[in-house]
Amino acid sequence: MTSLAWLVPIALGLGGLGLAAFLWALKSGQFEDLEGAAYRALEDEPPAPRERR
Amino acid sequence: MDRPGALSESETSPAYSTSNTASAGSSACCTVRAAATSPALGGAAKAASIPPASQTVTLAVENMACGGCMRKVEQALLAAPGVASARANLSAKRVTVVFADRQDAPASQLIDTLGAAGFRAAELTPEAIESSRDDSRRFLTRLAVAGFASMNIMLFSVSVWAGSDPSDPTHRLFYWLSAAIALPTVVYAGQPFYSSAWAALKHARLNMDVPISLAIILSAAMSMYQTVRGGDQVYFDASVSLLFFLLIGRYLDQRVRTRARSAAENLLSLKAQWAYVIASDGSVERLPSRLVEPGMRIAVAAGERFPADGVIVHGTASIDESLITGETMPRQAGINATVYAGSVNLGAPVEMEARAAETDTLLAQIARLMETAEQARGRYVRLADRAAQFYAPAVHTLAAAAFMGWMFAGAGWEYSLTIAIAVLIITCPCALALAVPAVQVAASARLFDRGILLKAADGLERLAEAGIAVFDKTGTLTAGVPSLANGAAIADADLKAAAALASSSRHPYAQAVAAAAKQRFGSVQAASGAEEATGAGLRRVTEAGEERLGSASWCAVPQAQADSASLWYVRPGSAPLAFQFEDKLREDAAQAIAALRRAQYRVLLLSGDRSESVAAAAEAAGISDWHAALKPQEKIERIEALKAEGHRVIMVGDGLNDAPALAAANASVSPSTAADVSQTASDAVFQGSKLMAVVELLATARKTRSMAFQNFAIAIGYNMLFVPLAVAGLVTPLIAAIAMSTSSIIVTVNALRLRTAKLELAS
């Protein structure tokens, strides 16, 4: 049962990491324009500086 | 348009969340407004009058539709002087420009820059940006938290369900861990539901959020109690996954509103026009028409719309007021004649002076009519709320009855309460709350693809209920632009020659001639050396002599003949050629009316135009029930009379004079060419020249309604299956979890069918 002492924190930690990453992405405006982002990935030029919110 | 604070509105009281077009409509009505001290715009004015502007400008770009366009827009803007950065948003069709320093390029310059690159753009006002702000993001945060929590709690729950011994300390530990995750989640992510339920209870009524909040809070509270006491009725997973599914529904609902609102704002901004203001020193300056102030002198060229209400101070104009009165014949207006924003100057260029809206003008009267008409619509109760009015009391009675029943059976209050709460969890209207938003998302996506913008969130429901369709004539049944009526009588050579001359003019009649020629010959070669005498006509000197195209007097047509046509063409050696024009029906008007008839709609035509032209249009479109020469007030009276008889009425119209009627009807639709006020008053706006869009809209609305009912049936069927188990005390946390998720998923999948379904408008 000692394995649980490792596994539970790891499971929760990874989940929390995912949540934090999503909230960060949301806050930094990466969900503002999903259609546009799909095309920007194909551009050759370096990306224009993104507007901070 | 919904009000700017739509988030709090929809969070707190869906029952009242009908659109508030009354105030928006009446304010939009007065095109002459007090100086809107919009930032970022003053650049057009002299340096001294520049307001302390913000450094960003947001533009709506109409035809930015692909990744390449997005890049082109950004590059064009970055190349413009003073621009520090430009970032396009393809989903919203907007671009945000940041200036390097405050006093640089005005928005009009950016719009010209984009125009040169082939994009139609318009500046969005700060109010427009504010009102279409994406509120769904706040739901997304809550949704993410609830999703995280439900996944992790499920991790523990599955281990528990797998059959570990309840007295095992690990088993207890998992309950405690679940509690540690669930309780903060329930407190944070459930807030939209609690506040909405609380608002409903305060007004002594029930909405869907009351049973939702009860189920979430009670299940969390009971699970906590059981965890402390060492019991096994722990529903943390149910409580949190309920929240997760319900938030998906709310998020979808919010997204539909936001998308519709932002599209509507873009549309209105793109329709806004420029006013050429003459300063006291005679210089002309271009201003957006919303910044026009009373007292300004404005030059209006031939073929342009008047940007504001006012009086003519110089020149004589022939004015097309079809958008305002529905009357297709131009009106002659001299000095001191009143002109309205939105009418078109067909004649010579004139100067006007903007005047503030007076209380006795047509516009003020329309604004007053709209305010009263709007109030009636605010009372509409949405389908989901009507369902809740039956559902919520039934559920609460059932839970209470289960509690009492087990108490009488001698089960003890603790066990009885557990049963009652299990009943509440099972009956929690999770699928019900998803049923309507899921269908509406699918429906509005479908309509969006077909060029129809849904503006009011409950518009589809109101459209689906109507049985009478009332049409306006000018601009609605008809295309709203003149087209050549006697084309068949004109020889090829004559039409070709006249069109060559006409194609260099912007006058609607000249353009109609050019369009007719283009249709007959495929293309038109513009004549070189054409000169335009504005308000009179065009002329060109050829080897054979002088050719003229224009009014009867310009072409020196004898008085006796002059009244028989609106446009004449003379060339050396032949008799004057007459061109007559008509406002043609939309191509598919008759087809659309027939489709409505087949679906058992009663179709009416209410027009402000003269009787003869209304009769002709009614006959061509196949409408037998028509009324002509109606004032806005009379249109409302007719609609109110129909409503008083218990009918539900859809109004389809475009003119300013239709705006009150659009607001008075149960539901309303307007073409995207409609007057601003009319568009603001309608529930849906269709683009393009096809009237069949109205039929498609009604078919989708009805299908949406029937699918919502289907989803209700699925959700209630599930309850019928599981409620007896809950009352009998046989529901375990595992059964609750399975019942809830499957019903939600089935309801959502069912809704997605709408997106691609083939629809026929049936009775």
Side-chain angles (χ1 to χ4, degrees), chain A, chain B residues 55-56 58 64-71 73-75 77-78 83-98 133-134 136-156 159 164 168-171 173-174 176-178 180-181 185 255:
Chain A
M1 277 296 146
T2 44
S3 58
L4 278 178
W6 291 99
L7 289 176
V8 168
I10 287 174
L12 289 182
L14 287 177
L17 214 62
L19 178 66
F22 178 77
L23 292 181
W24 167 77
L26 191 63
K27 220 179 202 126
S28 65
Q30 298 185 33
F31 285 81
E32 300 280 311
D33 180 20
L34 293 175
E35 272 173 63
Y39 287 105
R40 282 184 203 279
L42 302 176
E43 276 170 16
D44 291 332
E45 292 88 356
R50 201 178 46 245
E51 186 201 341
R52 294 266 155 214
R53 308 193 172 219
Chain B
Q55 285 169 274
T56 60
T58 305
M64 178 170 67
C66 62
C69 318
M70 181 173 76
R71 190 74 200 142
V73 165
E74 286 183 354
Q75 274 168 349
L77 288 173
L78 282 172
V83 175
S85 86
R87 175 105 185 157
N89 184 330
L90 193 60
S91 334
K93 297 205 173 179
R94 290 179 181 184
V95 55
T96 309
V97 180
V98 182
R133 199 166 39 92
D134 195 355
S136 52
R137 221 167 70 172
R138 297 205 333 227
F139 280 96
L140 211 52
T141 319
R142 294 185 202 277
L143 186 61
V145 171
F148 161 80
S150 66
M151 271 190 295
N152 283 290
I153 293 174
M154 205 51 90
L155 197 74
F156 298 124
S159 334
S164 68
D168 189 328
T170 319
H171 194 107
L173 173 70
F174 279 7
W176 280 103
L177 283 171
S178 300
I181 300 170
T185 308
R255 249 182 63 127

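Convention: sequence-line order gives letters A, B, ...; per-chain numbering from 1.
- Shown here for Ser91(B) and Gly36(A), the closest heavy-atom pair between the two residues is OG-N, 4.5 Å.
- Within the 4.5 angstrom heavy-atom criterion, only side-chain atoms of Met70(B), from C-beta onward, approach chain A.
- For the atom pair CG of Leu12(A) and CD1 of Ile181(B), the computed distance is 5.0 Å after rounding to the nearest 0.5 Å.
- Closest approach of Asn152(B) to Gly15(A), counting heavy atoms only: ND2-CA, 4.5 Å.
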Worksheet item: For Arg40(A) and Glu74(B), what are the C-alpha separation, side-chain angles and deciding distance, and is it a salt bridge (Lys or Arg N to Asp or Glu O under 4.0 Å)?
Response: CA-CA 12 Å; Arg40(A) 282 184 203 279; Glu74(B) 286 183 354; 2.8 Å; yes
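- Interface residue Leu23(A): only side-chain heavy atoms are found under 4.5 Å from chain B.
- Considering only heavy atoms from C-beta on, Phe174(B) comes within 4.5 Å of Leu4(A) through its side chain.
- One distance of note links CZ of Phe148(B) with CG of Leu17(A); it measures 10.0 Å at 0.5 Å rounding.
- Annotation: the span from Arg94(B) atom CZ to Asp33(A) atom CG amounts to 12.0 Å, rounded to 0.5 Å.
- Proximity to chain A is absent for every atom of Leu173(B), based on heavy atoms less than 4.5 angstrom apart.
- The ring-ring contact (aromatic ring centres under 6.0 Å, His included) check on Tyr39(A) picks up nothing, with sequence neighbours excluded.
- Contact of Leu26(A) with chain B is made through backbone and side chain together, with heavy-atom distances under 4.5 Å.
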